[in-house]
Number of protein chains: 2
Amino acid sequence: MSGRKVKNMEEFAVVSGISRPTVSKFFHDPESVRKSTRRKIEAALEQYDYRPNIFAINQNRKLTKTVGIVVPYLADPFFAEIARKIERRCIEAGYWPTLFSSHGERKYESDILETLRSLKPAGVLLAPVGRASDRAAVETFCKNVPTVLFDSNIEDMGAAFVGSDNFSFVSQSVDYLTRSGSAPVFFEMRTPPNPNANKRRLAYIEIMEKLNFKPQIIQVEGEGWEFEQFGYQGAMRVLAGDELTSDTVLCSNDRLAIGFLAAAYEKGVQVGIGPSATLRVASHDDHPFSRFTCPSLTTVAHDYEAVSNRSVETLFRLIEEGGTFDSRDETLFPARLILRASA
Amino acid sequence: MSGRKVKNMEEFAVVSGISRPTVSKFFHDPESVRKSTRRKIEAALEQYDYRPNIFAINQNRKLTKTVGIVVPYLADPFFAEIARKIERRCIEAGYWPTLFSSHGERKYESDILETLRSLKPAGVLLAPVGRASDRAAVETFCKNVPTVLFDSNIEDMGAAFVGSDNFSFVSQSVDYLTRSGSAPVFFEMRTPPNPNANKRRLAYIEIMEKLNFKPQIIQVEGEGWEFEQFGYQGAMRVLAGDELTSDTVLCSNDRLAIGFLAAAYEKGVQVGIGPSATLRVASHDDHPFSRFTCPSLTTVAHDYEAVSNRSVETLFRLIEEGGTFDSRDETLFPARLILRASA
DNA sequence: ATCTATTTTTAACGCGCGCAAATTTTGAAT
DNA sequence: ATTCAAAATTTGCGCGCGTTAAAAATAGAT
């Protein structure tokens with residue numbers, strides 16, 4: 001890392017004593033050249049610190065090595081976490097991931113898809129903003145770019161979907177709550193941005209009826225992704241009135257639960273499973289912060305690892321097969337109950 | 001959006017009835033062409049849905065429109081939030097921001113800087129991982145790419161630094177705590193990854209001495225960025241013993257405080273300002289979740305808006321001035337005390 | 001030393017657009 | 001109709017690398 005500056009592959013080929021096409025081949029796949037030439041190039045690489053120009057590379061390739069990752073809301077640690085895992089997998093596979101956040105808004109999502117189209121990525125992993133998504137925009141995008149949806153499904157869009165099994169979440173939480181106490185009331189947003197919420201509600205109703213309990217649903221107001229705030233406000237109202245028909249509350253997701261617990265604390269309502277507690281609260285997702293709520297949150301965990309791994313694998317398979325699958329398969333991973341102090 | 005496919009600017013120029021150089025000019029700046037031609041191009045744009053090839057564009061430009069944004073840990077909502085603000089500003093200014101997270105690790109940060117170099121960005125906004133940073137790598141990077149540091153400073157690196165005034169944080173929290181009760185013990189990590197922590201400790205000591213109080217510092221173990229966990233473990237130990245020499249604790253940052261509050265709750269220690277409370281806890285940062293802790297966290301807030309705005313403005317000024325400033329100026333924004341229930 | 005399969009070299013074109021100089025057209029003012 | 005600056009066009013090179021076909025060199029086996 002000392003010698004003269006090297007502007008391009010031509011110059012680098014000269015100083016390494018190898019022809020340019022061979023050098024080009026090397027950067028494509030170091031194993032594809034003879035060992036002796038590889039060593040020469042690597043030696044030159046240490047002296048001259050040259051890197052091929054990304055833009056020039058991608059200009060002529062039919063198949064870019066870029067992969068787009070789009071999440072609905074990056075300020076949500078849940079998505080930050082899963083994005084991180086996916087990013088890492090892509091890098092390991094030799095791809096170049098680029099991360100985007102829709103910030104919960106249709107306009108951003110559409111803009112990102114536009115940007116992605118001109119990036120000509122090999123493939124895209126898309127977690128749509130859900131209800132706010134511009135279905136037409138997503139659809140045309142999926143037709144032009146190999147896309148795998150994850151986390152939140154939109155019917156018939158993308159070549160595949162990978163996510164968690166919402167039924168599995170609710171079945172485990174309701175099962176546990178009814179066995180260990182009384183049947184839960186379901187606490188959710190009236191207009192949730194994410195379709196998973198709807199699936200969870202339906203699962204709740206189905207499971208409760210199967211167990212011969214009457215489903216009770218409390219829906220709180222709020223538009224957007226500030227779930228904690230909506231949970232807090234809703235809980236303040238609920239805890240002030242007599243809307244609560246059970247001593248057990250099952251929140252649709254952890255972020256609502258975090259708000260709920262904050263409200264309960266403020267109202268002096270003892271949450272937990274001890275003898276002094278008057279309310280149990282459980283939830284779904286195993287949000288990174290759910291271990292640190294007061295009390296710590298009993299919840300049902302995504303199989304983060306499985307979802308991110310399978311998403312990436314599926315995308316790579318899709319890319320290899322030329323951008324389309326024979327049929328659109330949906331993979332749902334089961335969830336895992338995490339018992340903590342709140343229920 | 002119906003007509004034949006248009007592969008490149010040449011073809012698009014033909015179908016829009018305008019010459020290619022003029023079309024090129026249009027995409028650079030729509031205002032730079034005559035109104036009548038602009039209308040023709042825009043009309044063709046609606047019919048043919050053409051977008052210039054990003055790679056080809058950036059290949060020849062001396063000055064890319066790309067801007068790199070690097071944060072140390074994106075799963076921390078604090079950084080997710082500030083990254084979001086910065087992203088938006090860049091887009092508004094016509095730049096193309098690309099977001100990277102170092103995930104708290106030196107290796108990732110160095111890799112990102114490598115990647116960024118080959119991206120040839122117009123400029124980079126870098127929040128270093130701090131203690132873990134490879135100073136040599138950061139230094140050479142800053143020499144080659146116009147860079148503005150933010151949030152966490154590294155002396156003499158980058159063309160400028162924009163962040164919050166750590167002294168202002170601590171001065172306000174200590175002032176408030178001493179006036180409203182007793183002087184606080186300072187609760188922090190023994191080996192914090194972020195240099196801001198050191199500045200806060202020094203500020204604490206200085207302010208306490210000025211007020212004629214004896215500084216008391218509790219340092220907890222932990223390597224990495226799982227601050228809540230370290231705060232929780234540390235607090236469990238502290239609350240079990242008699243290390244606590246005051247009824248007031250000032251945490252170095254909110255994430256530690258979140259862990260601390262979880263431990264206090266578990267230990268049955270009443271935190272807050274009411275008559276029944278035995279412990280006050282305050283902190284710094286105004287983390288997005290600090291409103292929802294139990295009790296809600298009294299803290300000192302960054303001026304997010306000002307920091308992100310000034311960072312971006314500074315970078316653009318730097319770019320305009322050709323990549324260097326006459327002198328390296330450090331901008332520190334004052335913080336704002338947020339009174340809540342915990343202290 | 002001879003043969004063969006593999007690898008490297010040579011030579012040259014193409015990608016899509018930036019950019020510049022010289023020329024022509026335009027539109028508004030005289 | 002004349003003038004003239006501003007805008008648009010023509011022409012053509014260059015960017016850095018992918019890619020290919022044919023020629024040459026290399027390495028391993030006989």
Determine, for nucleotides 11-17 of chain C in 5'-to-3' order, which nucleotides have protein heavy atoms under 4.0 Å from the base (write B), from only the sugar-phosphate (write S), or from neither (write -).
BB-BBBB

Cationic N near anionic O, under 4.0 Å, [X] to [Y]:
X         : Y         : answer
Lys85(A)  : Glu81(A)  : yes
Glu92(A)  : Arg88(A)  : no
Lys107(A) : Glu109(A) : no

Could you state the atom-to-atom distance from [atom1] of [X] to [atom2] of [N] in whole Å?
X        : N       : atom1 : atom2 : result
Phe55(A) : dG18(D) : CZ    : C1'   : 17 Å
Lys25(B) : dT10(D) : NZ    : P     : 15 Å
Phe26(B) : dG18(C) : CZ    : P     : 13 Å

Between Leu74(A) and Ser101(A) the two heavy atoms that sit nearest each other are N-OG, 3.2 Å

List in numerical order all residues of residues 28-39 of chain A for which some heavy atom is under 4.0 Å away from an atom belonging to DNA chain D.
His28(A), Arg34(A)

Under the criterion side-chain hydrogen bond (donor to acceptor under 3.5 Å, both in side chains), I'd like the reasoning laid out for Glu330(A) against Asn153(A): C-alpha separation, chi angles, the key distance, then a yes or no.
CA-CA 9 Å; Glu330(A) 306 187 351; Asn153(A) 198 4; 3.2 Å; yes

List the residues meeting ring-ring contact (aromatic ring centres under 6.0 Å, His included) with Phe78(A), not counting sequence neighbours, and say none if there are none.
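Counting only residues at least two positions away or on another chain, Phe78(A) forms a ring-ring contact (aromatic ring centres under 6.0 Å, His included) with His302(A), Tyr304(A).
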
Side-chain donor-acceptor pair under 3.5 Å between Asn309(B) and Arg89(B), yes or no?
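Judged by distance alone, the side chains do pair up.
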
Side-chain N or O of Ser19(B) versus OP1/OP2 of dT10(D): is the shortest distance under 4.0 Å?
no

To the nearest 0.5 Å, what is the distance between CG (Leu126(A)) and CG (Leu116(A))?
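Output value for this atom pair is 9.0 Å.
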
